[in-house]
> 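Have a look at the structure that comes next, please.
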Amino acid sequence: MFSLARDNDTICAISTAPGIGAIAIVRLSGAQAAEITRALMPTLADSLESHRIYYGHLIDPKSKELVDEVLVSFFANGKSFTGEECVEISCHGSPAITQQILKLCISQGARMAEPGEFTYRAFSNERIDLIQAEGVLQLIESKTVQASRMAIRQLEGELSNEFHSIEESLVWCMAQLEANIDFAAEDIVVSTDTQILTRLDLVAHSFRRLLDGYERGRLIRDGIRGAIVGAPNVGKSSFLNFITSTNRSIVSATPGTTRDRVDAEISLFGQNVTLMDTAGLRNSDDDIELAGISIARAAAKEADFLIFIFDVSNLDSRNIKDELMSLGKPIIEIGNKSDLLETSDNNQEYMNCLLVSTKNRTGLESVFRRISELFSLNTDFTGGTAISARQFESLTKAQEHLMRALELLISSSSGEFILSELNEVLLQCYNILGKKYDDQILDKVFKDFCLGK
Amino acid sequence: MFRKVTTVNNFDFDVIVVGAGHAGIEAALASCRIGAKTLLITNNLDRIGYMSCNPSIGGLGKGHIVKEIDALGGAMALAADATCIQFKRLNASRGPAVRGSRAQCDKDAYSHFMRDRLSTQQGLSIRGFEVKSLVIQDNVCRGVTLEDGSHIYSRSTVITTGTFMNAVMHFGLRKVSGGRIGDNATIGISDQLREHGFIIRRLKTGTPARAEKDSINWNILTAQYGDEKFVPFSLRSPKKLMLPQIPCYLTYTNEKTHQIIRDNLDKSPMYCGIIEGIGPRYCPSIEDKITRFADKERHQSFLEPEGLNSNSIYIQGISTSLPEEVQYEFLRTMPGLESVRLLRAGYAVEYDFIEPTQIEHTLQTRTLQGLFLAGQINGTSGYEEAAGQGLVAGANAALLATERDPLILGRDQAYIGVLIDDLVTRGTKEPYRMMTSRAEHRLVLREDNAINRLADIARSMSLLDSSTSELYEKIISEQNSLAERICTEKIVPNQEANDWLMSIGTAGLVKPANYDDILRRNEVRFEHISKRLGLTEVDQNVSDPVEIKIKYSGYIGRALELIDQARKMKGIRLPKDLNFSKIAGLSKEEIEKLNAVKPIDLGQVERISGVNPSALQCILVHLKARDKIRRQTISKQESPT
């Protein structure tokens with residue numbers, strides 16, 4: 001009987017449309033579907049009932065960190081679309097989450113499905129007939145054609161310049177390295193490692209920008225979250241009330257008034273920004289205050305950026321900045337109570353921060369401007385939502401291989417090793433562009449170098 | 001298995017090989033080794049194994065092929081070793097996969113060696129005939145027709161006519177029929193193939209002038225010597241050089257040279273549009289070089305002796321088709337060549353080649369059963385590329401004649417596999433030359449491990465004689481025990497061990513390790529370890545592969561994983577009678593390309609340009625359906641009526 005070794009693999013894919021929706025589904029099919037899911041969701045029952053939905057938390061088995069709250073639908077062998085054991089993990093619709101779930105499934109032994117492979121299996125297991133299978137495949141085929149057409153259309157936009165220069169740089173670097181191997185005996189001058197490094201660095205930079213753009217796309221949908229943090233009694237709650245023009249937070253002169261977290265939303269350039277007012281950070285013996293402080297720390301961890309407020313009349317309140325820096329989040333530093341500053345004061349030490357007076361209601365524009373800058377809210381950007389989940393996946397892989405290539409280049413490894421990594425980078429890029437490798441590197445070698453016996 | 005040729009003819013031979021160049025020789029020898037009664041026909045018995053162009057064997061990617069030919073029992077490596085007059089290991093300072101051996105050879109000695117080799121080969125007859133056409137009946141090739149109209153019948157036929165088919169030589173604007181100076185063109189065969197529906201196109205190649213040795217002022221030129229250390233291509237060759245070693249000499253073109261060439265471009269057939277064939281981009285003529293790279297102030301040229309006692313000097317890098325008097329003029333502007341005399345001017349050759357997508361991986365043509373093609377006729381360039389194909393074509397011709405499984409080498413097994421797969425999958429627009437960058441699995445296709453890759457398959461095809469087979473087996477088993485020893489022998493962190501480690505320039509140990517851990521360190525070489533373990537005089541053919549496998553285990557391991565993955569995903573064979581037009585979901589363009597190439601597996605499907613990845617699933621569903629229908633038919637037939 002006709003069969004393939006690969007037919008025994010458990011395959012996985014994101015089954016919902018690429019982009020951002022409220023929920024997304026990651027689908028697994030194959031003998032290990034439940035086993036792999038269980039490795040990620042320890043609370044999943046040992047024996048599962050077909051066509052039942054299970055609720056639980058997906059945990060990264062390595063870091064033990066929570067990935068998402070999910071619903072898992074189980075379909076027993078013989079009772080699913082593919083005819084094999086199947087699991088559908090319904091998770092929140094952020095591509096970052098679906099990507100991570102996919103990655104975890106793969107780390108547990110699943111493999112990315114090839115285009116049309118679920119259909120192929122359904123047909124193999126006689127769940128659908130030939131005509132149905134061919135119908136689905138035709139659709140996939142036309143979608144592939146469409147996708148590459150779309151990739152080409154995208155190439156007319158701003159993204160195109162980015163990808164063209166990425167491809168050009170990669171091909172150039174690879175041609176230099178290849179020429180240096182295959183035509184080492186010829187009288188040619190190839191570029192130095194430093195020149196290659198410089199260009200690859202630019203590629204890495206582009207990748208990062210594209211990946212960040214994707215991340216930014218996520219932020220824009222889910223909203224940006226900022227935590228207002230600082231020492232007690234520097235005016236955090238006053239700031240929240242000031243910035244939202246409300247009296248959401250209770251304000252008093254007593255340090256430690258805010259215990260619980262208070263959230264408020266503002267809109268900047270049509271973008272929702274959630275601000276979280278938190279308890280002042282300090283050592284305390286008060287159990288309730290301690291609980292509030294731990295909530296504040298959690299909020300800071302969860303936030304996309306921090307608004308760190310200190311009191312210009314009490315510079316000790318600026319000291320906890322170092323602790324906050326360790327979170328690795330962008331920080332907007334605000335010196336409050338600027339009304340207490342003498343105009344003659346040398347403001348040199350406030351160079352890197354914004355001065356605000358919640359009392360006199362001054363300095364707010366600069367805060368808005370800083371937040372907008374941080375997330376480029378007032379500029380149109382391309383590259384963010386323009387890339388799909390599959391492109392994001394390819395780009396992530398490309399970035400990994402590029403990093404390894406850079407390492408090898410820096411440690412002066414022989415060219416063929418660097419090239420074996422760059423090859424993967426280029427293949428992923430061509431994946432994104434809907435293009436095939438077609439001797440572009442050799443063409444470049446012959447074009448740029450004068451060779452010949 | 002090869003399908004049986006049904007016929008009533010009495011065959012004169014199992015296999016006929018037409019052409020005795022580098023492809024023809026390996027084809028005839030391989031065919032005989034397999035046990036087929038073989039006839040080798042050449043129209044010039046004096047030019048057997050003749051090196052028509054440069055006097056070297058090997059180089060990057062090419063040296064790899066020579067070693068593979070050796071692992072498959074062929075002769076090229078032996079000939080190159082025996083006639084080497086300068087040896088070089090290219091890329092010696094780089095990683096092991098891209099090191100390439102190259103031997104400059106004494107051309108006459110090389111030819112002699114091959115003639116001797118052929119004359120002592122059992123089961124081989126050699127004849128000096130001109131072949132006019134092929135005997136073709138019912139789309140089966142059954143032998144050849146000679147000039148006098150007589151037929152010689154065979155079960156299979158290998159054509160290795162090189163650049164000779166409908167060949168035209170260009171000397172300036174003068175055109176002369178012929179495949180090489182002193183040899184006639186082969187007229188007839190390509191027209192006959194065209195009548196049978198073959199797509200035939202033109203390629204162009206060129207060769208530089210040959211200078212008289214005593215007309216060159218050697219004193220002012222810099223000598224270029226080969227390596228001190230000689231590492232033979234063949235595992236069967238003696239480890240020492242047979243011939244004295246001689247240097248090449250370096251000279252350069254200059255602005256004067258370029259000016260003369262520029263002034264005479266109107267006399268170059270390339271630039272007047274007289275030549276329509278496409279030339280190799282990696283081997284442009286000097287006219288091309290100075291036009292395309294106009295800002296380059298000079299081009300280097302090695303003056304390479306064509307033999308120890310030969311008066312002929314190959315002027316490397318200056319291939320040209322300008323008229324002889326212009327060649328004289330510009331060559332005489334180059335240092336050392338001020339009063340040069342030419343034995344022969346450079347010239348260009350235009351010739352017919354068969355679009356290679358019409359050939360199977362066995363090198364049998366798809367249209368004519370029993371007809372195999374190898375070498376430049378398939379659009380390649382280079383002695384090594386020709387020889388590699390010759391070996392595969394000759395072996396398969398013999399395997400077909402004796403009704404056995406064919407020899408197909410994978411892209412992950414051999415450069416020869418890459419070469420053939422590239423040709424039959426993608427075709428070629430210019431004379432195809434091997435380069436390491438063409439092999440996606442190049443980290444595992446190394447010169448050092450050719451027998452590890454190929455000895456088993458060679459043995460199973462009866463391509464190795466018993467002494468060669470035993471030698472390869474012995475080397476591999478010694479490699480295994482050496483590797484075992486290094487990977488299991490412990491070294492403990494005591495004073496003595498750490499003193500030793502420091503003495504060889506590497507850090508001491510804090511916890512016990514095996515010797516392979518030590519060898520993996522950058523600064524440690526195999527000799528350090530072997531000395532300490534008392535492994536004296538280990539054959540380099542044994543130690544090199546072991547050292548490389550250990551030292552580069554990380555990279556090699558990853559490369560092997562990729563190979564496994566590709567085999568698993570794409571290793572499925574497609575049935576020979578698969579009609580792609582019947583597969584739903586494929587685009588028109590895809591169907592056209594697939595039907596033309598007739599891929600043997602999914603991997604090949606993917607490599608065809610213009611075929612989308614989603615085509616793979618369409619093909620798989622179709623195969624599944626086909627299989628289902630077949631099984632249903634069988635069970636119907638089996639059920640009682």
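Every chain is numbered from 1, with letters handed out A, B, ... down the list of sequences.
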> Taking B/Asp627 first and then B/Arg631, would you say they form a salt bridge - that is, a charged N and a carboxylate O separated by under 4.0 Å?
yes
> Could you check which of A/Leu442, A/Asp187, A/Ile441 has the highest count of heavy-atom pairs closer than 4.5 Å to chain B?
A/Asp187
> Does any donor atom in the side chain of B/Glu589 or B/Ser587 lie under 3.5 Å from an acceptor atom in the other side chain?
no
> Find out whether B/Tyr415 and B/Thr436 are in side-chain contact, i.e. whether some heavy atom of one side chain is under 4.5 Å from a heavy atom of the other.
yes
> Please flag which part of A/Asn8 lies under 4.5 Å from any non-hydrogen atom of chain B: side chain, backbone, both or neither.
neither
> Side chain from CB out, backbone as N, CA, C, O: work out which of these in B/Ile619 comes under 4.5 Å of a heavy atom of chain A, or both, or neither.
neither
> With only heavy atoms counted, which part of B/Lys88 is less than 4.5 Å from chain A, the side chain, the backbone, both or neither?
neither
> When you measure from the side chain of B/Gln86 to the backbone of B/Gln224, do you find a donor-acceptor pair of N or O atoms at a distance under 3.5 Å?
yes
> So which part of B/Arg438 gets closer than 4.5 Å to some heavy atom of chain A, the side chain, the backbone, both or neither?
side chain
> Does the B/Arg442 side chain pair with the main chain of A/Ser420, one donor and one acceptor, at a distance under 3.5 Å?
no
> Please classify the contact of A/Ile128 with chain B as side chain, backbone, both or neither, using a heavy-atom distance under 4.5 Å.
neither
> Kindly write out the residues that satisfy side-chain contact (heavy atoms from CB on, under 4.5 Å) with B/Asn91, not counting sequence neighbours, or none if the list is empty.
A/Ile181, A/Ala184, B/Leu60, B/Arg94, B/Val98
> Does A/Lys103 NZ have over 12 foreign heavy atoms under 6.0 Å away?
no
> If I measure from the heavy atoms of chain A, does B/Arg626 come under 4.5 Å with its side chain, its backbone, both, or neither?
neither
> Examine whether an atom of A/Glu178 lies under 4.5 Å from a heavy atom of chain B, and if so say whether it belongs to the side chain, the backbone or both; otherwise answer neither.
side chain
> Is a side-chain donor-acceptor pair under 3.5 Å present for B/Tyr314 with B/Asn54?
no
> Report which part of A/Asp439 has an atom under 4.5 Å of a heavy atom belonging to chain B: side chain, backbone, both, or neither.
both
> Heavy atoms under 4.5 Å from chain A: which residues of residues 551-558 of chain B carry them?
B/Tyr552, B/Tyr555, B/Arg558
> Would you say A/Thr396 and A/Gln399 are linked by a side-chain donor-acceptor pair, where the criterion is simply a distance under 3.5 Å?
no
> Check whether B/Lys568 gets within reach of chain A through its side chain, its backbone, both or neither, counting any heavy atom under 4.5 Å.
both
> Does CD belonging to B/Glu523 count more than 12 external heavy atoms closer than 6.0 Å?
yes
> Is it the side chain or the backbone of B/Glu304 that comes within 4.5 Å of chain A heavy atoms, both, or neither?
neither
> For B/Tyr252, does the six-membered ring have the charged nitrogen or CZ of B/Arg298 within the cation-pi criterion, i.e. under 6.0 angstrom from the centroid and within 45° of the normal?
yes
> Is A/Arg121 close to chain B through its backbone or its side chain, or both, or neither, when contacts mean heavy atoms under 4.5 Å?
neither
> Can you tell which part of B/Leu562 gets under 4.5 Å to a heavy atom of chain A, answering side chain, backbone, both or neither?
side chain
> Ignoring hydrogens and angles, tell me if any N or O in the side chain of A/Tyr430 forms a donor-acceptor pair with the backbone of A/Val425 under 3.5 Å.
no
